[in-house]
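Okay, structure first, notes after.
Note: hydrogens, waters and symmetry copies are ignored here, and every other heavy atom, side chains too, is used. Each residue takes its place number in the sequence, starting with 1.
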Amino acid sequence: MSSNSSRFAFVSSDVPDARAARDALAARYGEVAVEEAEIIVALGGDGFLLQTLRETMSSGRKVYGMNRGTIGFLMNEYRVGGLPERIAAALPETIRPLEMEAVTQDGETVSALAINEVALWRQSYQTAKIRITVDDHVRLEELSCDGVMVATPAGSTAYNLSAHGPILPLDAPLLALTPVSPFRPRNWRGALLSNRSTVRFDILEPGKRPVNAAADHTEVKAATAVTVRESPTKTATLLFDPSHSWNERILSEQFRY
């Protein structure tokens, strides 16, 4: 085991391929506990990588993902050999999560972090009606829709892209505000906001048209108001191979459509 590899901790999803890869890498390079590691090597898909980032948020540890999942947009290519050299040459990208504060019909306030997006969607068969305020200025008095979200650059290729939102470079100081199946205004396609913006969603007719909210996988039912902003203090750092950097992936993805 090299002195470089002694900094590594290996974690994996429950998928058999990911578990086997974790065992192979740990046997080859040795490992330390996550709490003692400088670099965490995450093996699985994008979902597992995001989980790892949430668990190590603001710890100072860097996360290097290798794809043992399906798409693996955020992951590097899986190879057993040359891992210390690859990590030494990797490019860091620091990302900031979103902070969600949601108030429910029962008066409960729920706070959560999201690396991908904070999303709202209708809870019943009826269209949701939502007022959108940006930095204390009402921008849409009433959006009738199936849902709406605020996405980070890291999350812009996930749910946001499926809803026809824009793809953002990871270092762009922007957030994507994207509707899901807007009915009124029918032609509204969302907005690009400064990452210093604070967005507030007020649910209109919450008793008749209930809305759920989620910060990544933290779900809040029957929300009446949701406030979203980029965290000013919390960070996570991803490592990418120079030959397949995040910005290169973003450019390639945009020219596929």
Report whether [X] and [Y] are members of the same hydrophobic cluster (ILVMFWY, side-chain heavy atoms less than 4.5 Å apart, transitive linking).
{"X": "Met75", "Y": "Leu161", "answer": "yes"}
{"X": "Ile132", "Y": "Met149", "answer": "no"}
{"X": "Val228", "Y": "Leu140", "answer": "yes"}

Nearest 0.5 Å, please: how far is NZ in Lys129 from CG in Leu204?
8.0 Å
The reported gap from CZ in Arg186 to OG in Ser181 (rounded to nearest 0.5 angstrom) is 11.0 Å
With the side chain counted from C-beta on, respond yes when [X] and [Y] share a heavy-atom pair under 4.5 Å apart, and no when they do not.
{"X": "Asn195", "Y": "Pro173", "answer": "yes"}
{"X": "Phe201", "Y": "Val148", "answer": "yes"}
{"X": "Arg61", "Y": "Glu35", "answer": "yes"}
{"X": "Gln126", "Y": "Lys208", "answer": "yes"}
{"X": "Leu193", "Y": "Asp135", "answer": "no"}
{"X": "Ile95", "Y": "Leu53", "answer": "yes"}
{"X": "Leu83", "Y": "Arg28", "answer": "no"}
{"X": "Ile130", "Y": "Val226", "answer": "no"}

Closest contact, heavy atoms only, [X] versus [Y]:
{"X": "Leu98", "Y": "Val118", "result": "CD1-N, 3.9 Å"}
{"X": "Gly65", "Y": "Leu49", "result": "CA-CD1, 4.2 Å"}
{"X": "Pro179", "Y": "Leu143", "result": "CB-CD2, 4.4 Å"}
{"X": "Arg68", "Y": "Val15", "result": "O-CG1, 4.3 Å"}
{"X": "Met66", "Y": "Glu77", "result": "SD-O, 3.6 Å"}
{"X": "Thr52", "Y": "Thr56", "result": "O-OG1, 2.9 Å"}

Check Glu36, Glu38, Glu31 against Arg7 for a salt bridge (Lys or Arg N to Asp or Glu O under 4.0 Å) and give me the one that passes.
Glu38
Can a donor-acceptor pair be found, under 3.5 Å and without considering hydrogens, that links the side chain of [X] to the backbone of [Y]?
{"X": "Thr224", "Y": "Val103", "value": "yes"}
{"X": "Asn76", "Y": "Asp241", "value": "yes"}
{"X": "Asp17", "Y": "Gly69", "value": "no"}
{"X": "Arg122", "Y": "Ser124", "value": "yes"}
{"X": "Ser58", "Y": "Thr235", "value": "yes"}
{"X": "Arg19", "Y": "Arg22", "value": "no"}

Do Ser231 and Glu99 have side-chain N/O donor and acceptor atoms under 3.5 Å apart?
yes
Donor-acceptor contacts, no H, no angles, side chain residues 211-220, under 3.5 Å, sequence neighbours left out:
| unit_1 | atom_1 | unit_2 | atom_2 | d |
| --- | --- | --- | --- | --- |
| Asn212 | OD1 | Ala222 | N | 3.2 |
| Asn212 | ND2 | Glu219 | OE2 | 3.2 |
| Asp216 | OD1 | Asn116 | N | 3.0 |
| Asp216 | OD1 | Glu117 | N | 3.2 |
| Asp216 | OD2 | Arg54 | NH1 | 3.0 |
| Asp216 | OD2 | Ile115 | N | 2.7 |
| Asp216 | OD2 | Asn116 | N | 3.4 |
| Glu219 | OE2 | Lys221 | NZ | 3.3 |

Side chains of residues 105-113: which donor-acceptor pairs under 3.5 Å do they make with residues two or more places apart or in other chains?
| unit_1 | atom_1 | unit_2 | atom_2 | d |
| --- | --- | --- | --- | --- |
| Gln105 | NE2 | Pro206 | O | 3.1 |

When Ser156 is tested against each of Leu174, Ile167, Leu170, Thr178 for side chain to side chain contact (heavy atoms under 4.5 Å, CB included), which residue passes?
Ile167
